[in-house]
There are 2 protein chains.
Amino acid sequence: MRKDIHNSNIPVRCMSCEIRHKGVCGALSAEELLMLSAHTRLVNYQSGDELAGEKMPAESYATVIRGVVKLTKRLEDGRQQIVGLQFAPDLLGRLNANENAVSVEAASDVNLCRIPKAALERMVKSNTALAERLMAQALRELDEARDWMVTLGRKTAAEKVASFLLLIATHLDPETVGEKRRFELPLSRADIADFLGLTVETVSRQLSKLRTDGVISIVANRHIEVPKLSKLKACCGS
Amino acid sequence: MRKDIHNSNIPVRCMSCEIRHKGVCGALSAEELLMLSAHTRLVNYQSGDELAGEKMPAESYATVIRGVVKLTKRLEDGRQQIVGLQFAPDLLGRLNANENAVSVEAASDVNLCRIPKAALERMVKSNTALAERLMAQALRELDEARDWMVTLGRKTAAEKVASFLLLIATHLDPETVGEKRRFELPLSRADIADFLGLTVETVSRQLSKLRTDGVISIVANRHIEVPKLSKLKACCGS
DNA sequence: CGCCGGTTTGATACTAATCAAGTTAAGTGG
DNA sequence: CCACTTAACTTGATTAGTATCAAACCGGCG
């Protein structure tokens with residue numbers, strides 16, 4: 001048995017996925033953590049899999065261990081918009097799920113650590129620290145949504161694409177050498193377009209433009225290198 | 001003394017503003033409500049007043065009693081985007097305010113019921129029902145932000161303006177006769193443009209177009225009449 | 001090798017921004 | 001009450017940016 005789980009003052013990890021669930025495990029005592037671990041299970045999905053639909057609320061929560069999960073909303077005529085991206089170690093699912101939900105899909109291959117709805121909700125009731133963590137996560141998602149509203153409403157296509165690259169570069173712990181960053185895009189061009197409110201063609205053109213401007217180099221389709229992060233930041237319009 | 005505050009099972013109201021604070025008063029016992037009332041104070045602001053800046057976090061919470069409050073974010077070069085509108089009886093302010101805030105301004109003349117930060121935070125600690133209400137409000141704001149992301153990213157100018165009118169018609173309890181609605185716009189054309197990610201001219205043109213199409217009539221600058229709500233809904237693209 | 005999805009590039013169309021008047025509404029002071 | 005000022009709004013002409021339509025390219029895989 002791991003030694004550290006007997007002391008709730010030092011970082012503790014979920015037994016099944018060996019990750020410290022952001023906003024979850026950190027608020028749990030060693031005892032609660034053991035209880036939680038008894039219920040959690042590692043699950044894998046492939047890119048494109050639907051984890052929960054707009055009309056099909058999830059029957060469990062989950063933390064993202066690896067990969068990227070996209071939250072999408074659709075208009076009747078098929079137009080769609082990605083309204084959120086979840087990276088490790090974000091928590092998926094919401095307390096008191098309501099009608100106005102989003103469709104949850106794996107944007108890349110993902111590993112999740114599933115937590116049954118009942119188990120988490122029971123712990124929330126008796127653990128105010130955990131409730132606070134979940135509140136903090138909700139507020140952080142709200143901030144992210146509002147930041148993205150500015151991008152959607154007021155930035156040009158070039159700024160949008162640069163902002164997206166910066167988002168990925170800062171959320172996917174890329175290979176780092178000084179100001180240089182190197183990473184794999186977890187999203188297809190079509191998904192990037194749906195995230196930015198653009199078309200695939202425009203996304204492609206703006207990536208090409210960033211390349212010819214020397215801001216990035218496209219090593220392979222999904223493999224991007226940013227020679228100077230500050231130069232990319234300067235393209236984001238804020 | 002009001003009779004109903006002695007029974008926490010029936011709707012109770014804040015003593016200073018006589019309104020049932022959504023998500024706040026409803027979760028309080030009569031005793032707590034009295035305590036809260038001792039600290040609250042009614043305050044008024046004029047259209048355009050800044051209630052809290054991006055760098056100036058508010059030292060108190062407040063419920064909107066009357067009027068509309070706008071939450072704005074700005075880019076360095078002056079472009080701005082309204083990322084949220086708060087109507088009565090929304091709660092302004094957030095637990096554990098963080099750096100990534102928005103600027104809070106009165107969009108119209110407003111009345112607020114102020115609640116000192118310390119008082120509310122103290123009550124949240126000892127009242128899980130209140131904490132749940134605040135969580136619910138955060139999740140509702142998140143849903144609204146995500147809905148608006150679809151509007152910003154994927155709707156046409158005409159659909160955006162129609163969606164805005166519908167939002168106002170459904171949040172400002174307009175004069176209602178069957179399918180007919182009549183209301184005052186709480187925002188200037190410039191604010192509407194900042195909310196929709198458009199220019200003032202485009203907003204004006206689309207309003208004119210809705211008028212010539214018979215979807216609305218513009219009784220006066222800010223005074224709008226919608227003869228058939230379902231017709232307006234059909235213009236919203238979803 | 002040839003197919004196929006994802007991507008890039010090119011030509012053109014169209015939507016909304018920009019630039020520029022003009023109009024209405026609301027004050028303000030004589 | 002009216003002339004004057006100013007801000008908010010509307011309308012028009014033109015331009016710029018992005019979407020749309022179309023074709024070519026590329027990499028992976030049977």
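Order of the sequence lines fixes the chain letters, A, B, ..., with proteins taken first and strands second; residue numbering starts at 1 for each chain.
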Below 4.0 Å: OP1/OP2 of dC9(D) and any side-chain N or O of Arg211(B)
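Answer is no, no contact under 4.0 Å.
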
Short side-chain N/O contact from Thr202(A) to OP1 or OP2 of dA19(D), under 4.0 Å
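For dA19(D), OP1 or OP2 has a side-chain N or O of Thr202(A) closer than 4.0 Å.
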
Give the rounded distance in Å between these two atoms: [atom1] of [X] and [atom2] of [N].
X         : N       : atom1 : atom2 : result
Asp194(B) : dA17(C) : CG    : P     : 12 Å
Leu210(B) : dC9(D)  : CG    : P     : 16 Å
Leu196(A) : dA19(D) : CG    : C1'   : 15 Å
Arg79(A)  : dT15(C) : CZ    : C1'   : 13 Å
Gln206(A) : dT9(C)  : CD    : P     : 12 Å
Lys209(A) : dT18(D) : NZ    : C1'   : 14 Å
Arg154(A) : dA16(C) : CZ    : P     : 13 Å
Ile218(B) : dC9(D)  : CD1   : P     : 11 Å

Check whether any side-chain heavy atom of [X] lies under 4.5 Å from a side-chain heavy atom of [Y], and answer yes or no.
X         : Y         : result
Val102(B) : Thr72(B)  : no
Leu165(A) : Val215(A) : no
Ile168(A) : Phe87(A)  : yes
Cys113(A) : Arg41(A)  : no
Glu225(A) : Ser217(A) : yes

Close N or O pairs between protein and nucleotides 4-7 of chain C (under 3.5 Å):
{"residue": "dT7(C)", "atom": "OP2", "partner": "Arg189(A)", "partner atom": "N", "Å": "3.1"}
{"residue": "dT7(C)", "atom": "O3'", "partner": "Asn221(A)", "partner atom": "OD1", "Å": "3.3"}

Where do Leu91(A) and Glu141(A) come nearest, in terms of heavy atoms and distance?
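Nearest heavy atoms, Leu91(A) then Glu141(A): O-OE2, 4.2 Å.
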
For residues Phe183(B) and Ala169(B), report the shortest heavy-atom separation together with the two atoms involved.
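Minimum heavy-atom separation between Phe183(B) and Ala169(B): CE2-CB, 3.7 Å.
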
Could you tell me whether Arg146(B) and Glu144(A) make a salt bridge, using a distance below 4.0 angstrom between a side-chain N and a carboxylate O?
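A salt bridge is absent here (no side-chain N lies under 4.0 Å from a carboxylate O).
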
Answer yes or no: is there an ion pair linking Asp194(B) with Lys70(B), defined by an N-O contact shorter than 4.0 Å?
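Between Lys70(B) and Asp194(B) there is no salt bridge, as every charged N stays at least 4.0 Å from the carboxylate O atoms.
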
Could I get a table of every N or O pair under 3.5 Å where one atom is in the protein and the other is in nucleotides 13-17 of chain D?
{"residue": "dA13(D)", "atom": "N6", "partner": "Arg205(B)", "partner atom": "NH2", "Å": "3.4"}

Could you check whether Leu198(A) gets within reach of a base, just the sugar-phosphate, or nothing at all, counting any heavy atom under 4.0 Å?
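Contact class for Leu198(A): sugar-phosphate only.
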
Where the side chain of Glu201(B) is defined as all heavy atoms beyond and including C-beta, which of dA19(D), dA20(C), dA16(C) is the nearest nucleotide?
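Closest nucleotide to the Glu201(B) side chain: dA20(C).
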
